[in-house]
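Each remark here refers to the structure printed beneath this line.
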2 protein chains.
Amino acid sequence: MNNLISIKSATLSEDIAQQLTNAIVQGHIPQGSKISEPELAKQYGISRGPLREAIVKLEGLGLVTRTANVGARVIQLNTQDMLDTFTMREALEGMAARLAATTMPADEINNLYALLDKHQAHLDANQDEHYVQQGGNDDFHLRIIHASGNAKLIRLLTEELYAVIRMYRRHTSDQRSDPRQALREHKAILDAIANHEGDLAELLMRRHISRASKLLEQAMHQAASAASR
Amino acid sequence: MNNLISIKSATLSEDIAQQLTNAIVQGHIPQGSKISEPELAKQYGISRGPLREAIVKLEGLGLVTRTANVGARVIQLNTQDMLDTFTMREALEGMAARLAATTMPADEINNLYALLDKHQAHLDANQDEHYVQQGGNDDFHLRIIHASGNAKLIRLLTEELYAVIRMYRRHTSDQRSDPRQALREHKAILDAIANHEGDLAELLMRRHISRASKLLEQAMHQAASAASR
DNA sequence: AAACAACAAATTGTCGACAATATAACTTGA
DNA sequence: TCAAGTTATATTGTCGACAATTTGTTGTTT
């Protein structure tokens with residue numbers, strides 16, 4: 001049962017790693033569930049060799065935990081890990097914003113202003129709030145990260161951390177978040193970057209992420225208490 | 001040729017990953033060199049299966065880069081990557097120091113003061129400067145990281161980043177560094193933590209790492225110009 | 001009935017062999 | 001002599017099978 005369109009890639013191992021990542025982030029493989037090598041190998045129609053390499057990769061991404069001679073399990077989302085992850089994100093994206101304040105070229109700044117204007121228009125028309133919340137939000141953050149010019153930082157944030165972050169956001173329908181407030185904060189951050197105020201950009205980015213983290217925490221607690229009722 | 005004492009571990013793959021990490025960090029496998037799977041498998045007396053899993057793990061640690069159908073190469077140290085890495089470290093350890101300022105228990109603070117006193121004594125006796133520089137330095141930093149209480153941060157810094165950091169320090173004999181100055185800075189950081197001044201602790205830790213980074217940069221430039229002469 | 005021991009089944013870890021791809025060596029033509 | 005094309009070699013990617021370990025089951029004993 002090849003349940004996902006197979007993205008052509010150089011090697012089977014990469015393909016599977018990508019597909020497994022998506023499957024986990026989107027919840028097709030539920031959190032806390034065991035990864036059965038024979039079962040998955042049969043599902044994807046491959047042997048266990050490349051599958052195991054993919055699982056090792058996922059372990060590096062922090063999406064699964066492995067125990068010798070026992071196997072791999074999808075991570076179990078919980079509030080503490082979320083807070084820990086977002087604290088790291090705060091430090092790293094704060095630094096990215098600081099760097100971007102000195103390295104982001106003028107035209108890219110204008111592009112980002114245009115992006116925020118588009119978000120504003122979407123919100124004013126009261127259409128597609130969800131778009132601004134999800135894709136738009138990521139877009140803004142990713143482009144600041146890339147503007148940092150720090151290759152290591154870019155790789156860590158976009159390739160390693162963001163899988164888990166997206167997982168947390170997807171699994172907690174954060175209806176609490178106020179897109180208009182987020183947009184205001186984005187604008188303030190961009191202003192600081194445009195003015196080359198690194199200190200301020202870092203401070204604002206940290207606050208912005210910290211606030212998102214607190215909202216997520218509330219949502220998770222609410223979900224947890226609802227589940228236990 | 002089993003050239004390293006084999007550390008007993010649950011799985012061959014883990015063993016090999018550990019041994020390869022050491023071999024790379026200590027330069028037994030030179031930077032930029034190609035990783036030949038058949039050759040290494042023969043050297044360690046294992047098959048290519050677990051070896052490949054180990055290599056995938058090393059790729060996650062950023063110690064090797066892999067290209068499909070071509071193979072793995074040990075990373076090539078260069079100034080830009082070093083600066084990028086230390087910038088990340090600055091952000092992350094700065095955050096760790098901030099967190100430690102509110103979470104580190106009193107007795108652990110005392111332990112760290114005792115550690116610094118020991119370093120001071122070593123320096124005053126003019127003996128074993130090297131010890132203070134290498135092992136002692138890491139000790140201090142690692143214990144602050146652990147005191148942060150942030151499991152994700154601890155894992156990232158100690159298991160992923162520090163391999164590369166140690167590699168940079170080892171390959172550039174940083175005789176420039178002034179152990180006494182470093183010790184003063186350590187003391188100031190610890191004072192801030194003891195006083196629960198998170199802002200200050202973060203600021204000082206950042207400066208401390210930034211300074212180390214600049215010294216390393218000078219050492220690398222000097223080494224580079226000496227090599228081209 | 002509960003706890004423990006012995007056994008059975010299934011899963012993970014490891015291996016050697018084959019297929020696919022890339023690199024090196026060689027040949028041919030201008 | 002050099003360039004391009006072709007063959008040969010070596011290395012990586014993948015597979016199926018076996019060994020080692022864990023987990024689940026059954027049976028026995030107190």
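In what follows, every chain begins at residue 1, and chains take the letters A, B, ... in the order their sequences are listed.
The distance between atom CD of B:Glu53 and atom P of C:dC15, rounded to the nearest whole Å, is 11 Å. Atom pair A:Arg48:CZ and C:dT12:P shows a separation of 7 Å (rounding to whole Å applied). C:dA10 atom P lies 14 Å from atom CD of A:Glu39, rounded to whole Å. Rounding to whole angstrom units, CZ of residue A:Arg73 and P of D:dT22 are separated by 16 Å. As rounded to whole Å, 13 Å separates atom C1' of C:dC15 from atom CG of B:Leu51. In this structure, the CD atom of B:Glu37 is 14 Å from the P atom of C:dC15, given to the nearest Å. For the pair B:Arg52 CZ and D:dC15 P, the interatomic distance rounds to 12 Å; values are reported in whole Å. Protein atom NZ of A:Lys42 is 16 Å distant from nucleotide atom C1' of D:dG16, rounded to whole Å.
Atom NZ of B:Lys34 is surrounded by more than 12 heavy atoms from other residues, nucleotides or ligands within 6.0 Å.
Closest to the side chain of A:Ser47, out of C:dT14, D:dG16, C:dG13, is D:dG16. Among the nucleotides C:dC15, D:dC15, C:dG13, the one closest to the side chain of A:Ile46 is D:dC15. Minimum atom distance to the side chain of A:Pro38 is reached by C:dT11, of the listed D:dT11, C:dT14, C:dT11. Side-chain proximity of A:Val70 to C:dT12, D:dT23, D:dT12: nearest is D:dT23. Residue B:Ala68 has its side chain nearest to D:dG13 when only D:dG13, D:dC15, C:dC15 are considered. Side-chain atoms of B:Leu12 lie closest to C:dC15 of the nucleotides C:dC15, D:dT12, D:dG13.
Across all strands, B:Ile55 comes closer than 4.0 Å to no nucleic acid atom at all (heavy-atom distances). Among the heavy atoms of the strands, none lies under 4.0 Å from A:Ile16.
Under 4.0 angstrom from either OP1 or OP2 of C:dA22 there lies no side-chain N or O belonging to B:Lys34. A sub-4.0 Å separation between OP1 or OP2 of C:dT12 and a side-chain N or O of B:Thr11 is absent.
Inter-residue side-chain proximity for A:Met95 and A:Asn150 is flagged as unmet; no heavy-atom pair is nearer than 4.5 Å. Between A:Tyr162 and A:Ile165 the shortest side-chain heavy-atom distance falls below 4.5 Å.
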Apply the test side chain to side chain contact (heavy atoms under 4.5 Å, CB included) to residues A:Thr87 and A:Ile209: give CA-CA distance (whole Å), side-chain angles for both, the deciding distance (0.1 Å), then the verdict.
-> CA-CA 8 Å; A:Thr87 297; A:Ile209 292 174; over 6 Å; no
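In this structure, B:His141 and B:His208 have parallel ring planes: the angle between them is below the 30° cut-off, well short of the 60° mark.
Comparing A:Gly49 and A:Asn69 by the nucleotide of DNA chain D whose heavy atom lies nearest to each, the residue mapping closer to the 5' end is A:Gly49.
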